[in-house]
Colleague: 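If you scroll down you'll find the structure; I have some questions about it.
When a ligand or atom number is given, it counts from 1 through the structure's own listing order.
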Amino acid sequence: MSAARVAIVGVGHVGGAAAFALTLASFADQLLLVDVDPKKRDAQVRDVSDAAYSSNSRTLVRAGTCREASQCDIIVITVGSKFALGQTTIELTYRNISIVQSLIKEMAPFQKDAVLIVVSNPVDLLATLVQQASGLPASQVIGSGTFLDSVRLRGMVTEYTKVPAKSIHLFVLGVHGEHQVVAWSRATIGSMPIDEALAKDNSVLDHQQLEKDYKNQSKEIIQAKGSMPFGIGTIITCLCSSIIFNKRNVLPVSHFQPRFGCYLSMPAAVGRRGIAQSFPILLDKDEDNRLSDSAKALKSNLDRISKF
Ligand SMILES: NC(=O)c1ccc[n+]([C@@H]2O[C@H](COP(=O)([O-])OP(=O)(O)OC[C@H]3O[C@@H](n4cnc5c(N)ncnc54)[C@H](O)[C@@H]3O)[C@@H](O)[C@H]2O)c1
């Protein structure tokens, strides 16, 4: 890619952290920040520009409009609304659906090679709707999905096994949230099944405890500091890098699953045109049943939404 332009739409906690991480990574030529709140947007531009100048980043950070964003090479959607007093999760979900749907209408048509990265929650549902409304091929719309969850869980296994995270092949898959599935049956260290590798040293991984701990970590971070922007900001940067440099890194991201007719996370090679190849993992029966149940629930929600 000659001159890479990235836009971030919604520069609150997550969008701001992604802008900071992308600027330090210094591979984008231009970074456009867009927000419905112009004061916040301009403040983020000034703050992140300071980081750009003090780190000698090549990335030029500036404020942009939705139309300008739609002509960028990568568009990251991090818009969201916060819980209002007395609001239920369902009300918040519908609020986010409505924000994202009107945003995509305002932005379309997109540059034909653009890749959209949806981060806003509920990420799989929104990524499916964004793809339908964007007019872009499914391969060019990606959801951040369970990428952060996979990285976090791998980090915890690293602490236990003392094996570097890059040698641990372990994925969290499916519909991001309560019903995501850890693919323990396919987890390996090097090429050896993880439980077998540990058994050699008489060690045992407590799958249930680890799952409980990595899920609790999100809740604990949010309770203590209100948001958890740094991990996801880095994940967004990693996705942008794989796209811009056509690295085809295999990452657990949300993408269209013909088997279920909706988006959910499975490993996929991510390159210049988005999803270059999907690598669905053959799960064991219990894991597959759980993944399949949550996909069916998501699909029926989507069918209900499309009737409105
Ligand atoms: N997928 C993940 O792993 C993951 C992790 C963390 C957060 N998230 C999600 O990211 C989203 C953002 O979280 P946050 O903490 O940054 O929220 P935030 O409230 O700090 O930021 C949201 C921003 O979106 C802006 N916005 C709202 N409507 C807009 C519109 N129509 N056009 C442009 N901008 C608009 C707001 O002004 C605000 O600046 C949430 O949906 C959150 O659940 C996802």
Side-chain angles (χ1 to χ4, degrees), residues 7-21 32-45 47-48 63-70 72 75-84 87 89 91-108 116-130 133 141-153 172-178 180 214-215 217-239 251-255 263-265:
I8 301 179
V9 187
V11 283
H13 293 100
V14 172
F20 178 61
L32 248 69
L33 305 189
V34 182
D35 201 284
V36 74
D37 176 346
K39 258 187 161 172
K40 187 194 270 187
R41 176 201 61 196
D42 292 346
Q44 292 284 35
V45 169
D47 194 14
V48 180
T65 62
C66 281
R67 284 298 304 136
E68 286 175 307
S70 69
C72 286
I75 302 124
V76 183
I77 310 284
T78 45
V79 296
S81 73
K82 291 226 175 295
F83 262 117
Q87 196 177 33
T89 310
E91 282 164 349
L92 183 74
T93 299
Y94 276 91
R95 173 92 191 105
N96 277 353
I97 292 171
S98 133
I99 291 176
V100 170
Q101 280 184 324
S102 47
L103 182 73
I104 298 300
K105 259 195 208 142
E106 202 181 331
M107 293 174 89
L116 264 71
I117 301 175
V118 180
V119 181
S120 307
N121 276 316
V123 64
D124 303 287
L125 184 141
L126 289 178
T128 311
L129 295 176
V130 164
V141 179
I142 303 173
S144 56
T146 54
F147 191 176
L148 176 59
D149 307 279
S150 299
V151 167
R152 179 178 295 157
L153 184 59
V172 180
L173 303 171
V175 180
H176 175 61
E178 267 316 297
Q180 58 200 21
Y214 95 92
K215 280 187 179 160
Q217 202 162 299
S218 295
K219 289 177 198 143
E220 281 166 13
I221 298 172
I222 302 258
Q223 267 165 14
K225 57 176 264 189
S227 66
M228 42 169 210
F230 299 132
I232 189 70
T234 314
I235 291 293
I236 293 168
T237 304
C238 177
L239 275 169
L251 308 168
V253 287
S254 182
H255 58 289
Y263 271 59
L264 54 79
S265 288

Colleague: Check each protein residue for a heavy atom under 4.0 Å from ligand 1 and list those that pass, ordered by chain and number.
Modeller: G10, V11, G12, H13, V14, D35, V36, K40, T78, V79, G80, K82, N96, I99, L103, V119, S120, N121, S144, I232
Colleague: Quick one: side chain to side chain contact (heavy atoms under 4.5 Å, CB included) partners of E106, sequence neighbours excluded?
Modeller: C66
Colleague: Has the side chain of T146 got a donor or acceptor atom that lies under 3.5 Å from a matching backbone atom of V172?
Modeller: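 At least one qualifying donor-acceptor pair exists.
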Colleague: Would one find more than 12 heavy atoms of other residues, nucleotides or ligands at under 6.0 Å from atom OH of Y214?
Modeller: yes
Colleague: Using the salt bridge (charged side-chain N to carboxylate O under 4.0 Å, His left out) criterion, which residues pair with E68? Sequence neighbours excluded.
Modeller: R62
Colleague: Please indicate whether R95 has more than 12 foreign heavy atoms, meaning atoms of other residues, nucleotides or ligands, lying under 6.0 Å from its CZ.
Modeller: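 12 or below, so no.
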Colleague: Could you pull out all donor-acceptor pairs under 3.5 Å where a side-chain atom in residues 33-43 meets a protein atom, sequence neighbours excluded?
Modeller:
| residue | atom | partner | partner atom | Å |
| --- | --- | --- | --- | --- |
| D35 | OD1 | D37 | N | 2.9 |
| D35 | OD2 | V11 | N | 2.8 |
| D37 | OD1 | K39 | N | 3.1 |
| D37 | OD1 | K40 | N | 3.2 |

